[in-house]
Amino acid sequence: MFRAFSIQVRGVVQGVGFRPFVYRLARANHLRGWILNAEDGVEIHLEGEDPDLLLFLEEMKSRPPQAAAITEVRVEPADAAGLAEFTIRESIGERRPTVRISPDLPVCEGCLQELLSPHDHRYHYPYINCTNCGPRYSVIRRLPYDRPNTTMADWCLDGFCGSEYADPANRRFHAQPVACPACGPHYFFQTRNEVVRGDAEAIQEAVRYLQSGSIVAVKGLGGYHLACDARNAEAVGAMRERKYRKEKPFALMAKNVGVARNLVDLTPEAEALLNSLARPIVLALAKAALPGVAPDNDAFGVMLPYTPLHHLLFAAGCPEILVMTSANRSSEPIAYKDEDALEQLSGIADGFLVGERPIARRVDDSVVRAGVLGPTVLRRARGYAPSVAATFPTDRPILALGADLKNTITLVVNGQAFVSQHIGDLDHYESFCAFRETIQDLLSMYEVDANELLLVHDAHPQYVSTMHAANLAAGRKCSIQHHRAHIASVLAERGAWDKRVVGVSFDGTGYGDDGTIWGGELFAGSVREGFERVAHLRSAVLPGGDAAASHPVQAAAGYLGQLDAQADLTAGPFYFPSRYLDALQLVKSRLRSFATTSMGRLFDTAAALLGFTREVSFEGQAAMWLECLATHAPATAAGVYPFPYAGGELDFRPLLDGMIRDRIRGRDKREIARMFQRGIAEGLREAVAALCRAHEVDIVVLSGGVFQNELLAGDLKCLLEPEGLQIWTNHFVPSNDGGISLGQAALAALANSCASASLKDTASAWTAHVT
Ligand SMILES: [Zn+2]
Ligand SMILES: [Zn+2]
C-alpha cells in the first residue's frame with residue numbers, strides 16, 4: 001500500500017553524515033520525499049510502498065553512520081504530496097535549537113587513505129575531512145551547523161570541493177568544513193627568525209625540530225599542544241623546566257596501536273577506549289621507561305593520532321612517541337588563539353606549527369581509564385563534549401555552574417543535559433575567563449531565555465562560581481551542597497531519579513551544611529527525595545585552611561593531633577619539617593583552624609607518615625603517590641589497620657596509630673600503605689553494610705575524587721559485591737569535581753532538595769572579602 005510518513009529523528013544526527021546516508025537509503029528503497037536539518041534533529045518526509053518504508057526504517061535504525069547516535073525516532077502518518085524524487089532541503093532555524101552538536105571526530109579510514117595516496121587531490125592535506133570525520137564542536141560558532149556558522153566561513157569552496165559538497169552520493173555531501181589544498185586553509189612553521197610556508201615544508205621542518213630534541217607548539221583541534229620526543233630525556237626535562245611543571249605526568253601520543261602496546265599494558269577494554277571515536281588519553285600501566293614523563297607514577301597517559309596533521313607528522317618521520325601536553329603555562333587553560341599561543345609560549349616552544357583555521361572554542365584532550373569498576377572519565381573534553389550526559393524529566397532550562405576546581409558547567413535544555421568541556425581551576429584568572437565564555441557560549445548557542453532559567457551553584461559562599469552566580473540573570477537561583485551533587489551525578493547518568501541508595505562521597509574539600517569542610521560523607525536517599533547525611537569521617541582539624549591541601553604534613557597535624565600517644569614525628573623515621581610543628585600549634589590554639597571530615601586530607605596524612613613530607617606540586621599528588629606505594633606491596637602482605645565504624649562515625653585514629661607503630665618498628669612502607677588502603681575499604685564496608693540494612697537499600701553509589709584510586713575501587717568491589725550490594729559509580733562524567741555540575745543540575749531539576757540561596761548575602765560577603 002502506498003503511504004506517506006513524517007519522521008523525526010533526535011540524537012547526534014547533524015554533522016555526522018546523516019542526511020547523505022538517509023538520501024542514499026531512501027533512493028535505494030525507491031522512496032520519495034525529503035530530509036532537512038531541523039533545530040531539534042532531522043525531519044524526514046517519505047512517500048512509498050509499505051515494504052520499502054519498513055526496510056528503510058529498519059536500516060536507518062540499525063546501521064546509521066558511525067558517529068551518529070539516534071536516541072529517538074518518531075513516525076507519524078502524513079499526507080502524500082506526490083513528490084517525484086527524494087531531495088535534501090535547506091535547514092530551517094526558527095525555534096529554539098536543541099539539536100545535539102557532535103563532538104570533534106578523528107580522521108576516518110577513507111580520508112586517511114586519501115591523505116596518504118600520492119595521486120589523491122588531497123594528498124598530504126592536513127585539513128582533509130568528510131561527513132564521517134573532522135572538526136565539529138571546535139569549529140561551530142552558531143547553530144544550525146552550516147558552513148557560514150563555522151570557523152571555515154572565510155574559505156570559499158572551489159569547483160572541486162563544491163561539486164563534492166553538492167553531490168548527495170559523495171562522502172563529502174554537505175561536509176561543512178570540507179576543503180582542499182587549492183581552496184582551504186594551510187599550515188606554516190614559524191620560529192623567531194623565519195616562517196616556512198607550504199604544508200609539506202612546514203611539517204617537515206617541525207619534524208626536524210622534534211627529531212633534534214626541540215619543543216614544538218602544534219595547533220590542533222581544540223587548542224595548542226607542546227610536543228617533544230618522549231624518548232629524549234633532555235627534551236622532556238627542558239619541557240618541565242620551561243613549563244614550570246615539576247612532576248605532573250605528561251600525556252603521550254604514540255604513532256600507532258603497535259607502539260602504544262609496547263608503551264603500556266593495554267587490556268582489551270583499554271585498547272577499545274584508545275581506539276574509540278573520542279580518541280582520549282588512556283591511562284594504563286607503563287611498560288617502558290621514559291625518564292621524566294611521569295615521575296613516581298606507574299601509569300602513562302597515551303593517545304593515538306586523531307587529526308590528519310598528527311598522521312602527517314608521523315608519516316614524515318617524527319619520533320614514534322611524542323610528549324603531547326596542553327600548551328599552557330602551569331595550570332592555565334589550554335591556549336587556542338594564535339596570538340595568545342605565540343605570546344604565552346614564546347619562552348617554551350622553539351617553533352610553532354600553526355594552522356590557519358581558527359578554533360571556535362578551547363577543547364582539551366579527554367583523559368579516561370578502563371577501571372576495575374568500568375570505564376572512568378578523569379577529564380571530559382574533546383571527543384565527549386558537548387554530548388548529552390543525561391536526559392532529565394524536565395522542560396525547564398537549567399544552568400549548573402559546578403565547583404571551583406576542575407570546573408565544568410552543565411546546561412539542561414528540553415531535558416537534555418549538555419556537560420561542557422573541562423574548564424579548569426577557577427582561581428586562575430584565565431580559567432575564570434574561560435568559565436564565563438563557556439557559560440555565554442552555551443546559553444547563546446541554545447538561545448536560553450534568562451527569565452525561564454534555573455541557575456544552580458555550589459553552597460560554598462566563597463566559591464568564585466557562587467559569586468559569579470550573583471551576577472547572572474536567571475528566573476530562579478538555588479544552591480546545592482557539594483557532596484550531594486557528587487552522588488546525584490552518578491544517578492543522573494543512569495536516569496535513576498527515584499532509586500534509593502546509600503551514597504559515599506569522598507573527596508578533598510567541599511562546603512558542608514554546617515559551614516565546616518566536608519569530604520568523607522555518607523548519605524541515604526534519592527535524587528527526588530534528597531539525601532540525608534547519615535554518617536561521616538570523624539571530624540578532624542584543618543590548620544591554616546587551603547594551604548593544608550598543598551602540604552601533607554600540615555594537614556597531618558589536624559588528624560595526628562587527635563591521637564592519644566604522640567610520637568615525635570620530626571625525628572626518624574618520619575622527619576616531618578617544622579611546618580608540622582607550626583601547624584600543631586595552630587591546632588592547639590584553634591587559630592585559623594577549621595573542622596573537617598575530609599577523606600582526601602586523611603590520605604595526605606597517611607602519605608606524610610610514609611615519607612611524602614614535601615609540598616605537593618599538583619592536586620591529588622600525595623594520594624596518588626600513596627596508591628602507587630601500596631600497589632607495589634609484596635603479594636604476601638596481609639593485614640589491615642582497623643578503621644572502626646560506630647554511631648555514624650568512621651574513626652581514623654586506630655588506623656593512624658597502627659601506621660605510626662609499624663613505621664617505627666621498621667615495617668616495609670609498601671606494606672603499611674597497603675594495610676592503610678585495605679583498612680579504609682574494610683571500614684567503609686562495615687559502614688555501608690550497616691547503612692544499607694538500616695535504610696533497606698542494596699545499591700551503593702561511590703563518587704568523589706578519592707574513588708579515582710583504583711586500588712580502593714578494587715578492594716571495595718571485592719568486599720561489597722559478596723554482601724549482595726551493587727556498586728554504582730560515574731562512567732560519563734568524572735567522579736572528581738568535573739562531575740559536580742551534572743549532579744547540581746539533577747538535584748535542582750527534581751526540586752525538593754534545592755535550597756533557596758540567599759544570593760544577596762553571598763554577594764555582599766564576597767564584596768567584603770575582596771575589598
Ligand atoms: Zn573522513
Ligand atoms: Zn577545494
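Throughout, residue positions are numbered sequentially from 1 according to the sequence presented. Indexing begins at 1, ligand by ligand and atom by atom, following the structure's order.
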Q) Taking the N/O/S atoms of Asp158 one by one, which is nearest to the Zn ion (ligand 2)? A) OD1

Q) Angle subtended at the Zn ion (ligand 2) by SG of Cys180 and SG of Cys183, to 10 degrees? A)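 Cys180 SG and Cys183 SG form an angle of 120° at the Zn ion (ligand 2).
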
Q | NZ or CZ of Arg362 within 45° of Tyr336 ring axis and under 6.0 Å | A |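 No, Arg362 and Tyr336 do not form such a contact.
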
Q. Can you find a side-chain donor-acceptor pair between Arg147 and Tyr165 that sits under 3.5 Å?
A.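 The answer is no; no qualifying pair exists.
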
Q: Verify whether one side chain among His45 and Glu43 offers a donor that lies under 3.5 Å from an acceptor in the other.
A: no

(Q) Checking the side chain of Thr131 only, and the main-chain atoms of Arg171 only, is there a donor and an acceptor separated by less than 3.5 Å? (A)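 Side chain of Thr131 to backbone of Arg171, a donor-acceptor pair under 3.5 Å: yes, one is there.
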
Q. SG (Cys130) to the Zn ion (ligand 1) to SG (Cys108): angle, nearest 10 degrees?
A. 100°

